[in-house]
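Here is the structure we will look at.
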Amino acid sequence: MAPARCPCRALLPALAIALLGLAAAAGPRQTPALELAQELAEELWSAGLPGDLPELEPECRSLLGAFAEGSAALTGCLGRRARPVRLCQGCHGHYRRLLAQYGSIVRAVGNSSESHNCAKSILTSDRLQVVVTLSEFFNETWEAANCANCLKNNSEGLSNSTEEFLDLFNKSLTCFEHNLQGQGIDLSPNNYTEVCKNCNETYTKLNDLYNHLQRMNRQGGESAHSAHLCIDVEDAMNITRKLWSRTFNCSLPCSDTVPVIAVSSFILFLPIVFYLSSFLHSKQKKRILILPKRIQSNANLVNIQEKYS
Amino acid sequence: MANVAKKVSWSGRDRDDDEDGRAGETTPLLNGTGPGAAGSGRQLTPSSFLRIGQLSNVDLNEDIHELETEVPRQRPNEIPHNEKLLSLKYESLDYDNSENQLFLEEERRINHAAFRTVEIKRWVICAMIGILTGLVACFIDIVVENLAGLKYRVVKDNIDKFTAKGGLSFSLLLWATLNASVVMVGSLIVAFIEPVAAGSGIPQIKCYLNGVKIPHVVRLKTLVIKVCGVILSVVGGLAVGKEGPMIHSGSVIAAGISQGRSTSLKRDFKIFEYFRRDTEKRDFVSAGAAAGVSAAFGAPVGGVLFSLEEGASFWNQFLTWRIFFASMISTFTLNSVLSVYHGNAWDLSSPGLINFGRFDSEKMGYTIQEIPIFIFMGVVGGILGALFNALNYWLTMFRIRYIHRPCLQVVEAMLVAAVTATVGFVMIYCSRDCQPIQGSSVAYPLQLFCADGEYNSMATAFFNTPEKSVVNLFHDPPGSYNPMTLGMFTLMYFFLACWTYGLTVSAGVFIPSLLIGAAWGRLFGISLSYLTKGSIWADPGKYALMGAAAQLGGIVRMTLSLTVIMMEATGNVTYGFPIMLVLMTAKIVGDYFGLYDMHIQLQSVPFLHWEAPVTSHSLTAREVMSTPVTCLRRIERVGTVVDILSDTSSNHNGFPVVESNPDTTQVAGLRGLILRSQLIVLLKHKVFVERANRSLVQRRLKLKDFRDAYPRFPPIQSIHVSQDERECMIDLSEFMNPSPYTVPQEASLPRVFKLFRALGLRHLVVVDNRNEVVGMVTRKDLARYRLGKEGLEELSLAQT
């Protein structure tokens, strides 16, 4: 990761830290000490290798700038679309662009010499490696969101099934809104029958489509990781389901407790019958004792017990 | 040996039927009055028969124990089964080589290079044992995974369908019927084809390695039934695991391969003939058992230690090294085949049938302050284990006494399967513990009454194979289960597992124990983190692991091997110390409260422990031995030999050979010991003195002839000896073991025991100071003495 540094560069931070520590300990004489440290650092920089200036080459700086802007845009996009989750739909363009920018940094070879290419000076010249960290963060987020799942193969837009799903999703949301408005504001919390009745069709369709997508995904996927759909779809479904079953209380399963109790108590009753009947009707298995051939076979045990009791 | 087959068929069931018939003929009225009356009528026959036998025996030796005939026999001859019996069904293995002339000649003929070949063959056999055991484990795993997946999908679809429409009772019926029918098939094959394949097989293998010959235990047929049976019982949703039976399967594979033939298939590959005797076979069986453990838990070292702890009483470093080789090969085979099956060929991530998953994250570490908590968990595990065993003891006793017909056993297994499904269903039905489906790795999420997008948390525990449930309990993030769910699950599963253990299905108790322990351990962890206001160290997964170890230790009471197995299965060496503490505590507490080796005792097996009972020093060989002994003369009449062998009242397997001086009636000096199996081979080949003189061209009998008959020597009834031949003489001096182990009458029981146990003897002749045979000590004579609650107890011999 870190490139081999010449000893003087490795020494620099240590020296600076030591001086800073001295300054902190000194207290009142803090400012002059700090200045001294900076001066020393500058001196050392100028005395070092002439090409190794803290300045970047112009083309590298422009690459870095592009990356910074791209990541700012992507961060903004991610943040704005965090709730309700619309990451994959809204930010895939930004993400793609950022990937390209990062790629160009990695590939960019400065024109001066081999040792001073942009990739090296931007990515691996320091301990923090901000650019790499940022890019890793974006990649991980993207992976975790599983966005690849609802984008087209060349990731230039949403895939057909996702489009279809989102259409249906919007339709059901519209349906919910429409029916709720029709009822007025003063409805009691339990009185969502209208919604349940009218939107049942769309909701069922949506649910079925989601289950279908999930099944397709599970069949196609090789490892456990790709068992998830992309976060947009999952979240959309989640919201709808919560609305449907929690807020509107539409999915009331028929609870048929009486037959279940009847059947289960019947089954639980069977073993009792079985054990009782085998206890009463089955002949107890008897063992036939064989008398051992030995000298004092009967007296033995008595002997022992007398001795030890 | 020869009479094993006959004795097995002469089981209680057959006799009952016969006697019913007899009673019915003579006293038809009595038969109608009920079982009690019929029983009292039946009692007379065997008792009078036995008494006659006893009297005739005593008559012959009137001079020695006249007094004994005076003692009236007050004890009833027929008693209900109890744990203080020794069965006559079990024979001993001949671990000690019969060092007769034939053997010595053959050993002399083998040169140094040939011995090296034999050594190489041993290694090849061990490698093959490992590979085949691993493959069998793969087969079981893959089939169980697919069949169980199919079953759970069908039931899940059905439940999902009926949740919306109503009629969940049909789903319950479907689940119960599916379970019951699958278990019915599994139980049918075990009960009717090979009863010895029932249970985990660990007690049987323990006994085999101890030197007890359990009929049919290492046959190919047993392996087939075992494998099919375990698949069916796991798929049938019983509270069982597939790990225990792997040990038995590995042993059967080992016994089969090392012999180079299968008697069941009637195929002889003409290889490995040198290993066709009990000594070698037993060594390979211990390697097979280790390979089985290793494949089951991905624990090669644990496998070796299991073999050493539980069985191989006779081992040296070379044998241990070979056993280790076999177990390594076994886990590697399983690992590579399963990785290929799961599609990531070079991953090697599934070393055993059960993988506890990785325990290496930060919060899974433990601190010294937690060790008292772990010890407390060990105490709980010990108490629960003792309770489990005590309940199971009563149940097993009931089963042996009343549920001994195969059809009843099948019905019982079906009922248990149906009830297991019902209990699971009712628990899921009543549970209101819903967890969001997002981000969880539930295989078959059941929604039932949960809101859309949520699953029932109880269903992850019940609606899954037990292995998966264990892993879920270890690794699901905190908050996946609510305490109520875990508490109910522990309670229900405890009783279900206890009820299931001992059914006539082939299944192990390891996984149910782990599951019970993991459930209460997790519950413990949750309450701990509640008490400590959610400290970071109170991770429920860690406590689930410790609870699992405690519960398993409390039930099976193994120490060394179990510690290593758990350590290897978690893949975390730092857990070794707490696991060891937990297992130690569980064993101490469990032994204080309850039983150990219960199933071996209940089967009336003459099992020899490491040491003689501690208070047995007052007993001498004279009191322990059986007497009088049926002896053969060195040159004996064929008719006498045949009569002795065919005498059903005395099924002796070894006969001291004495000097033949027909003029005196006195017992002459001991010359050697000959086994029943050898006599049978001699009679079969008609090695008579007269014939040898008549036809000089006759082939000399070789050791190979004895080996070919091994291990199933024909019964004496199948050997035809004509009236003329009965008058011939047979010379035993070449075939008997001329240097049998003997002890004087004054030797104490612990000394006799030590000799017996250390050398793996089968017969120990007791002689007086004139080298005359006065008695014989066999395994059953020693196993009779057991340390009970009130000091030393003596067990009775019984026909079972």
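So that the names make sense, note that chain A is the first sequence line, chain B the second, and so on, each numbered from 1. Please read these numbers as outputs of a predicted model, since none were measured by experiment.
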Starting at [atom1] of [X], measure out to [atom2] of [Y] and round the result to the nearest 0.5 Å.
| X | Y | atom1 | atom2 | value |
| --- | --- | --- | --- | --- |
| B/L415 | A/I272 | CG | CD1 | 11.0 Å |
| A/I267 | B/F425 | CD1 | CZ | 10.0 Å |
| A/L280 | B/Y402 | CG | OH | 9.0 Å |

With a 4.5 angstrom heavy-atom cut-off, which part of [X] approaches chain A: side chain, backbone, both or neither?
| X | answer |
| --- | --- |
| B/V426 | side chain |
| B/A418 | both |
| B/S169 | both |

Inset, instruction - Please assess B/I400 against A/R287 for the test side chain to side chain contact (heavy atoms under 4.5 Å, CB included), listing each intermediate value before the final yes or no. - result: CA-CA 11 Å; B/I400 292 175; A/R287 303 297 185 200; 3.4 Å; yes

Inset, instruction - May I ask you to test the B/Y429-A/S264 pair for a side-chain heavy-atom distance under 4.5 Å? - result: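 Counting from C-beta outward, B/Y429 and A/S264 never come under 4.5 Å.
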
Inset, instruction - Would you indicate whether the side-chain heavy atoms of A/V263 and B/T422 approach each other to under 4.5 Å? - result: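 No; the side chains remain at least 4.5 Å from each other.
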
For [X] and [Y], which heavy atoms make the closest approach, and how far apart are they?
| X | Y | value |
| --- | --- | --- |
| B/V419 | A/P271 | CG2-CG, 3.5 Å |
| A/S278 | B/L408 | CB-CD1, 4.4 Å |
| A/F274 | B/I403 | CE2-CD1, 3.9 Å |

Inset, instruction - With a 4.5 angstrom heavy-atom cut-off, could you sort out which part of A/F266 is near chain B: side chain, backbone, both or neither? - result: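 A/F266 has no heavy atom closer than 4.5 Å to chain B.
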
Legend entry - chain B contact via A/Y203 - which portion, at a heavy-atom distance below 4.5 Å: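 Side chain only.
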
Legend entry - Parallel, tilted or perpendicular: ring planes of A/Y275 versus B/F398, cut at 30 and 60 degrees: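 It falls in the perpendicular class, over 60°.
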
Legend entry - Crowding at CZ, B/F170 (>12 non-hydrogen neighbours, <6.0 Å):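 Not buried by this count: 12 neighbours or fewer within 6.0 Å.
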
